[in-house]
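Comments concern the structure below.
So that the names make sense, note that chain A is the first sequence line, chain B the second, and so on, each numbered from 1.
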Number of protein chains: 2
Amino acid sequence: MPPKSPGNDHPEATGTSLLQQAFDSEVFRQQGHQLVDRLADYLHQVLRRADFPVMPWREPAELRQEWQQLLADPLPISFVELTEKLLQQSIHLHHPRCCGHQVAPPAPITALAELFSALLNNSMAVYEVGPAGTVIEKAVLGWLAQRLGMAPGADGILTSGGSLGNLTGLLAARRERGGRDVWEESTCGLPMAVMVSAESHYSVARALKIMGLGSQGLIKLPVNERLQVRPELLETMLLAARAKGRQVIAIVANACSTSTGAYDPLPEIGEFAKKNGLWFHVDAAHGGAASFSPNYRHLLQGLEEADSLVIDFHKMMLCPALATAVLFRDGTVLKRIFSQKASYLLPEQQQVPWQDIARNTIECTKKMMGLKVMMLLKTVGEGIFSEYVTRVYDLSRDFATVLQGESDFRLAVEPQANIVCFRHQPDQVPAGQWGEYNARLRRQLVAHGRFYIVQTTIAGEIYLRLTLMNPFTNLNDLQELLAEIRHFGRLVCRQENQGKK
Amino acid sequence: MPPKSPGNDHPEATGTSLLQQAFDSEVFRQQGHQLVDRLADYLHQVLRRADFPVMPWREPAELRQEWQQLLADPLPISFVELTEKLLQQSIHLHHPRCCGHQVAPPAPITALAELFSALLNNSMAVYEVGPAGTVIEKAVLGWLAQRLGMAPGADGILTSGGSLGNLTGLLAARRERGGRDVWEESTCGLPMAVMVSAESHYSVARALKIMGLGSQGLIKLPVNERLQVRPELLETMLLAARAKGRQVIAIVANACSTSTGAYDPLPEIGEFAKKNGLWFHVDAAHGGAASFSPNYRHLLQGLEEADSLVIDFHKMMLCPALATAVLFRDGTVLKRIFSQKASYLLPEQQQVPWQDIARNTIECTKKMMGLKVMMLLKTVGEGIFSEYVTRVYDLSRDFATVLQGESDFRLAVEPQANIVCFRHQPDQVPAGQWGEYNARLRRQLVAHGRFYIVQTTIAGEIYLRLTLMNPFTNLNDLQELLAEIRHFGRLVCRQENQGKK
């Protein structure tokens, strides 16, 4: 197709050929239809467990070289060829046998929202560069806060991912509980610290280190056998930290934890935080969505009292990455976290306008992140979240029951969310080698590609880990997974024996 | 269309109705084709300057209420209706008369890449959850480092935006020049500071404050009349800071600055940094792409010697937000910035695998950000960057020449990039009121919607500011803009006179 020239009613305006070609609306139309058809076929295939690898394992170095060569090659490649190559080399989250990490298989409408948002590219730093995007963000946050049971006055922002979300919550804690204007006066000389569940996501420790608190800024809270924070130990921990000269400003709880899906006892921790003047932050990136399920909402009792919390739409709310809600019980905090005392800005800063969102976030340019949530809500309905959470949480419990009935499998901990940790412990593997044995069989299973699962470490021991993110995974799939684990387990044992010969 | 049931060859697997409906591949196909057609028509219209507002101004509170009501309404809304509403309420970056902020009008293929990336949702934290995405990121970074003239050994990451990019660069500076293992041992007691151009983007100051350095951690470097850092003053500034007990760790230069597009003298600053053991970070978020233009590449001389630098693909590289490259001259820095000394991780950490990207970034889950760049490069070709930069940089110079020929306009500073700052100074407005007069006429002009422009403050004075991001904007458009400015200027004067009566 010969390139047409946009703006050719103003001939002096036309760019040169590559610009014309790249912005040709008919080329876009053609490629767009091709892509939509291919992706629709793809969805149809993977949702029906088409017989191709869930995770097409390739050696990283080999795959890297392939793309470096492709990029170095001056010849173009057709859009269709490029698309096909990418489909072949990606992990297929919509495949019901993909149960690895906490990443949503996105509802297709949310991917269309991303196309829309990408083409418009309204960048959201100020209202003028994203009018609809800005008010949609505010509407979505208000809706979410209400559904979580937060009182009126709660407010927040959307940000690019949970790591940034946790950082934002902790910056708020530092601002509100630091004891002086840390934003202006530096943390120099303040031995601040935060009490954090031993099971918290690494992004919490990372956030504290970004903020300059170092390792001493992190006080790890012991957990019980279900991997939940033990509230009865908090007092002792706090006193010990203070005795060491630490200025404890906050406590961070999980709802739920990344590794095993443990929900901390929020009411007790919240009450303790309040009594002791600590900021209460809840990392609900994965588990906050349980609020939508009548059957599981009790797990989040006490969440509404958090000073700040984080929920990822790209985990349990069926959206593509990235979209994280950071919510504050007292929405006015937003105006203070990043307030700058520059005198020439002060008159404006005194009445921070809600519509210029960049003032209240770490980010400046920002995607229209609320759009995908809005589209899902208005074209499908919020009932989908209840159906989704209930289904995958139920399935985890059913699968745990199955595991308990199998003598060669051991459940690590009773699942509270849609995360199941377990391992294969057949008689022929000595007890001391179960961890390494499971890690080895997992590598083979993943390379084989009929399932995708991951592993985690609990109390120093390696376990297999499923996160049941796909609403179409069923018990049959999981029964077949057990058969496959046994199969690869036998292979590992055979290789081990051959190695010894 | 009645919802079909994905996975219905395993009837026990089917979710309930909303899940089925949301994941129906035929519904996706239909909505996808509708959206592609609508967006193709939209592109055709706006690129041809269709007669509708570039920025459809609505009062923020009114628009917010409209969406809140829509969301509260339990009734669904059709996909087409929702799309139409969003198009009406967004700013149109592809319209050649949109010349406000530094946000790309994305090349349409990059928006298709985002659709692809969103549906697949390969989340990139570890290689397994985004094999193609991971190696594409590495390939794109390698290609960019080479084009910027960096020596082999350079390496980097893609991150969600320039603010995070600058933060990453400064964390590296702290790690490498902090004098002790700040990541582990906290900044407590270290009065660290960074020398920063007075014209730097606010995200640099914000990053330092996030890191706990406070206001005292920011040493503002004076600029000359072209708003470039004055290298002859660096020595004095450094000695003064040290005399005050500051531990200066880094110096940050602009290439170019956000407000006016000033390119700092990188060779002199780089040499000074090297001589004094300072980390040299360059914020090239906007201006780094000039490397692709033979005519303008000289502006970036010395960039290749930066210890770290940031370039946004969503500014001058025709991609939608967000995609920022953070590059390090010595790529091995990547392994150290976020290294954690947790003993149970140490054996792994000693050989940080390049393919598990989350180890080397602030983010954990991450979009396949390299995909849009790869698609543009392989289907259109990198020549497009040279065409684009050359065209919009040339246009800025031509427009500056036009302004200099008009006695009622004043150019604030000769443009170095595609940013032009100027204001209207007609005889009937007293000299002391030019700033406020221009701010008022801008508000009316934007609300009217035939153009979108912004304002900035230079040396305490308000100026109008154009960023010529659209490759199809021409001098005719800008001549008409001047006519429109004069028109709204007259309106403002009339209102002013009526106000006095």
Side-chain angles (χ1 to χ4, degrees), chain A residues 6-7 13 15-16 18-19 22 25 28-29 32 36 40 43-44 47 60 63-64 67-68 71 77 89-90 101 103 106-108 111 114-115 118-123 129 132 135 139 160-161 163 183-187 209 212 214-215 320-321 355 364-365 367 378 380 383-384 387 471-472 474, chain B residues 6-7 13 15-16 18-19 22 25 28-29 32 36 40 43-44 47 60 63-64 67-68 71 77 89-90 101 103 106-108 111 114-115 118-123 129 132 135 139 160 163 183-187 209 212 214-215 320-321 355 363-365 367 378 380 383-384 387 471-472 474:
Chain A
T16 45
L18 291 178
L19 282 166
S25 58
F28 168 74
R29 193 187 305 268
V36 165
L43 266 177
H44 181 89
L47 285 168
L63 199 62
R64 183 174 183 178
W67 281 92
Q68 275 172 342
L71 192 48
I77 177 172
Q89 299 184 351
S90 297
H101 287 284
V103 194
E114 292 284 65
L115 165 60
L119 191 83
L120 263 60
N121 205 25
N122 282 215
S123 76
V129 211
V135 299
S160 296
S163 296
W183 194 250
E184 285 302 319
E185 296 175 32
S186 95
T187 52
K209 290 179 177 200
S215 287
Q355 67 264 27
C364 178
T365 299
K367 277 187 71 110
K378 290 309 295 180
V380 178
I384 195 172
E387 284 184 17
F472 305 106
N474 61 31
Chain B
T16 46
L18 290 179
L19 282 166
S25 58
F28 168 74
R29 193 188 305 270
V36 165
L43 266 177
H44 181 89
L47 285 169
L63 199 63
R64 182 174 182 178
W67 281 93
Q68 274 171 344
L71 192 49
I77 178 172
Q89 298 183 355
S90 297
H101 287 284
V103 195
E114 291 284 64
L115 165 59
L119 191 84
L120 262 61
N121 205 25
N122 282 216
S123 77
V129 211
V135 299
S160 295
S163 296
W183 193 250
E184 285 303 317
E185 297 174 32
S186 96
T187 52
K209 289 179 176 201
S215 286
Q355 68 264 27
E363 301 179 82
C364 178
T365 298
K367 278 188 70 115
K378 289 309 296 180
V380 178
I384 194 173
E387 283 185 17
F472 305 106
N474 60 31

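Counting heavy-atom pairs closer than 4.5 Å to chain A, the top-ranked of the candidates B/S160, B/G214, B/A107 is B/G214. The residue among A/A111, A/G212, A/G161 with the most heavy atom pairs within less than 4.5 Å of chain B is A/G212. Chosen from A/A132, A/G383, A/A139, A/A40, the residue pairing most often with chain B at heavy-atom distances under 4.5 Å is A/A40. For the set A/P60, A/G32, A/C364, the entry with the most heavy-atom pairs within less than 4.5 Å of chain B is A/P60. Contact count against chain B (heavy-atom pairs under 4.5 Å) is highest for A/N121 among A/N121, A/L71, A/V103. Ranking B/K378, B/Q68, B/K367 against chain A, the residue ahead of the rest is B/K378, based on heavy-atom pairs under 4.5 Å. Considering only heavy-atom pairs separated by less than 4.5 Å from chain B, the leading option among A/P106, A/A22, A/S123, A/S163 is A/P106.
Judged by distance alone, with hydrogens and angles left aside, the side-chain atoms of A/E387 form a donor-acceptor pair with the main-chain N or O of B/L19 at under 3.5 Å. Within the 3.5 Å criterion, the main-chain N or O of A/P320 finds no donor-acceptor partner in the side chain of A/E114.
For A/R64, there are no salt bridge (Lys or Arg N to Asp or Glu O under 4.0 Å) partners, not counting sequence neighbours. Annotation: side chain to side chain contact (heavy atoms under 4.5 Å, CB included) contacts of A/H44 (sequence neighbours excluded): A/R48, B/S25.
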Could you give me the CA-CA distance, side-chain angles and deciding distance for A/S215 and A/K209, then say whether side-chain contact (heavy atoms from CB on, under 4.5 Å) is met? CA-CA 7 Å; A/S215 287; A/K209 290 179 177 200; 3.2 Å; yes
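Contact between A/A321 and B/T365 at its shortest, heavy atoms only, is CB-CG2, 3.7 Å.
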